[in-house]
Amino acid sequence: MMIQEKYTGRYQNLKVAEALSNNHLYPFACNELSSIIDLGFSRFPKDLKAFIFRDCLSAFRLLPDMNTSAAVSAANLLVKSVESAFPKQKKNLAVVEFKQAKVALKRRSKSHEEHIDMPSLPQDILVHIFSFLDVSSLLSSSQVSRSWNQATCEGSIWRSLFDLHFNHKVFIHIHSGIDWREAFKNEYILSNSSKMLRSGRGYCSYCDSIVWHDNLRCPKKQCRLKSGKKPLDLMLIHQVVNYLLGTTSSSDESDSEDEAAVRGLWAYPTLQ
Amino acid sequence: MSESDMAIIKPDMMKSYIWLETSDGSIQQVEQEVAMFCPMICHQVLQKGAGSSKNSAISLPHKVNPPMLSLIFDYCRFHQLPGRSNKERKVYDEKFMRMDTKRLCELTSAADSLQLKPLVDLTSRALARIIEGKSPEEIREIFHLPDDLTEEEKLEPLKNTMDDPRIRLLNRLYAKKRKELKERAKLKSIEVEERVDERSVDDLLSFINGRDHKGVNTSKSKKKNKKRKEHKNGTCKVFNKDSHNLHSKQRSVEETSSSSLGRVSNLHSMEDDIFSKKAEFEDGYIDDEIDPALKEMLDREVEEFARRLNSSWVLSVGQERQPVHFSINGNGDTRRLTDD
């Protein structure tokens, strides 16, 4: 009985359900659910299974509201995990929800397409808007159009991103001609940031919990005040799952590769 | 102070108004404390003494149209009252920001030209939240922006474009293809038909011909073009012939370049599709569904190509939100792509 409560308690600490209704966190939450199901579903106690099932259903119900390709990919992956791991009845229920969501999505995408004249935003405003974006969104923006691309080249944006991600651990020689985007890119690749950012999770030592980080910081205000400029310790997905399962498998390459392979097997795109 | 005192004082403290003129020529007056909340107006009043009468109305920047002005003044009217709590302001702001993207953009521009920084911050953050997590195509759709970057420019900053001739060739082909697709979409509504299509095909062909044989064949293809324009009925056949022409050109391009241009053979098969679609089009039927899918395939092609040419960083960052997985592309290649 004690062990069961521990699992369920930890799962609730993770606050996956809350993240699902957040536009930005939805894909991360779905991926985490997928990994949790892939790596441990059969071992879970009954009530934890029930929670996970409930959250999968919500994920599918919320999909039409999310309406981005990242959300659709994440939901596709989740349904694959569901199909492999859930018992027959639950699986069917979940898949039905998923299919309904896809239909609703299709209906929504057909509605727009009027040719509207959008006011064009001046460069300095674009730069200001981009200063609020995370790296991945910033790079997406750089691929949108010429004027947006030029705005994303602004050094100040990359400088503050560099500060945010790497200032606490990298000493960089700042000279007058420094290309902050290049500097950021090099450090990003060196520190394997892509992998670390994939989960959307960090560990906050101030509140001693695994949180959905808000631009590398703890979402709780008190923790942000206490931590100052220092970002959270980012976590990999399998580390999150380890926390849930209470296991302590080593965090080396083989684990994440296994994960990738496991997901890869099921990630064959569903044909419409 | 007693209430009767207040009653006497009130008429003396009459509200003063500031006169403002918007770009469309209409003049209105606004309570002073509301208008003065905007630094630009404040500056005009204090430094130049403007706005005190209808004749000396302050003319506002052209980005500030009447509906935007009234929105801005709603905002100012609420916030200029010192008695509001932080929570009240926050709640108001959140509600205030609920509008469609177009209005948000207009509002941002207007607020910026009036130098109303708190509102600019608010709208900018709202716009950033809209942009967050979306793919470039989705962003383009929401903001109605043109797709005017070449594939290589998308992956590296504009100032650092690569000089690799293979990339330039690929880009030009794709740019022409894009133009073609767009023109076909336009033609559906305008019905100018074959003329425009032909020209873009000609461009493509003559470009490829010119590229390979250093202009020797361009005169030949020009003659072909002229014939085509005169004989409408023969177009189908000519297209097929040219598609074979293109096919062989593609092949020779392939062979002369290194293996990384192998992807171009996929381009060829797409072009075959397009050419056969043209034949259908002449019967007055276009299969619209292909275009966006083709576009997507084009994008994916270039992504793969550029990745191999070491521009992979930009795309790898975008994969943060996508799980690492594999898929087989429609042509049956064994090479794995990222999905969606």
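Labels below follow one simple rule: chain letters A, B, ... track the order of the sequence lines, proteins then strands, and each chain is numbered from 1. No experiment lies behind these values; they were computed from the predicted model shown.
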Q. Contact part of Phe130(A) toward chain B, heavy-atom cut-off under 4.5 Å: side chain, backbone, both or neither?
A. side chain

Q: Answer with side chain, backbone, both or neither: which region of Glu138(B) has an atom nearer than 4.5 Å to a non-hydrogen atom of chain A?
A: side chain

Q | Separation of Lys134(B) NZ from Ser136(A) OG (nearest 0.5 Å) | A | 12.5 Å

Q.
Please check: side-chain N/O of Ser140(A) versus main-chain N/O of Ser135(B), any donor-acceptor pairing under 3.5 Å?
A. no

Q. Which bit of Ser120(A) comes within less than 4.5 Å of chain B, counting heavy atoms only: side chain, backbone, both or neither?
A. backbone

Q.
Return the CD1 to OG1 distance between Ile125(A) and Thr108(B), rounded to the nearest 0.5 Å.
A. 6.0 Å

Q) Taking atom CG of Leu126(A) and atom CD1 of Ile131(B), what is their separation to the nearest 0.5 Å? A) 7.5 Å

Q | Per-residue contact mode, Leu104(B) against chain A (heavy atom under 4.5 angstrom) | A | neither

Q | Over 12 foreign heavy atoms within 6.0 Å of CG, Asp100(B) | A | yes

Q. When rounded to the nearest 0.5 angstrom, what distance separates CG in Asn215(A) from CD in Glu132(B)?
A. 8.0 Å

Q: Spell out the residues in residues 120-130 of chain B that have some non-hydrogen atom less than 4.5 Å away from a non-hydrogen atom of chain A, in order of number; otherwise answer 'none'.
A: Val120(B), Asp121(B), Ser124(B), Arg125(B), Leu127(B), Ala128(B)

Q.
Is any side-chain heavy atom of Val144(A) closer than 4.5 Å to one of Phe143(B)?
A. no

Q.
Check this for me: Arg89(B), atom CZ, are more than 12 non-hydrogen atoms of other residues, nucleotides or ligands nearer than 6.0 Å?
A. yes

**Q.** Closest contact, heavy atoms only, Gln143(A) versus Arg140(B)
**A.** O-NH2, 3.0 Å

Q | Distance in Å, Ser145(A) OG paired with Ile139(B) CD1, rounded so as to fall on 0.5 Å steps | A | 10.0 Å

Q. Do side-chain atoms of Arg146(A) reach the backbone of Leu149(B) as a donor and acceptor pair under 3.5 angstrom?
A. no

Q. Any side-chain heavy-atom pair from Pro122(A) and Lys63(B) closer than 4.5 angstrom?
A. yes

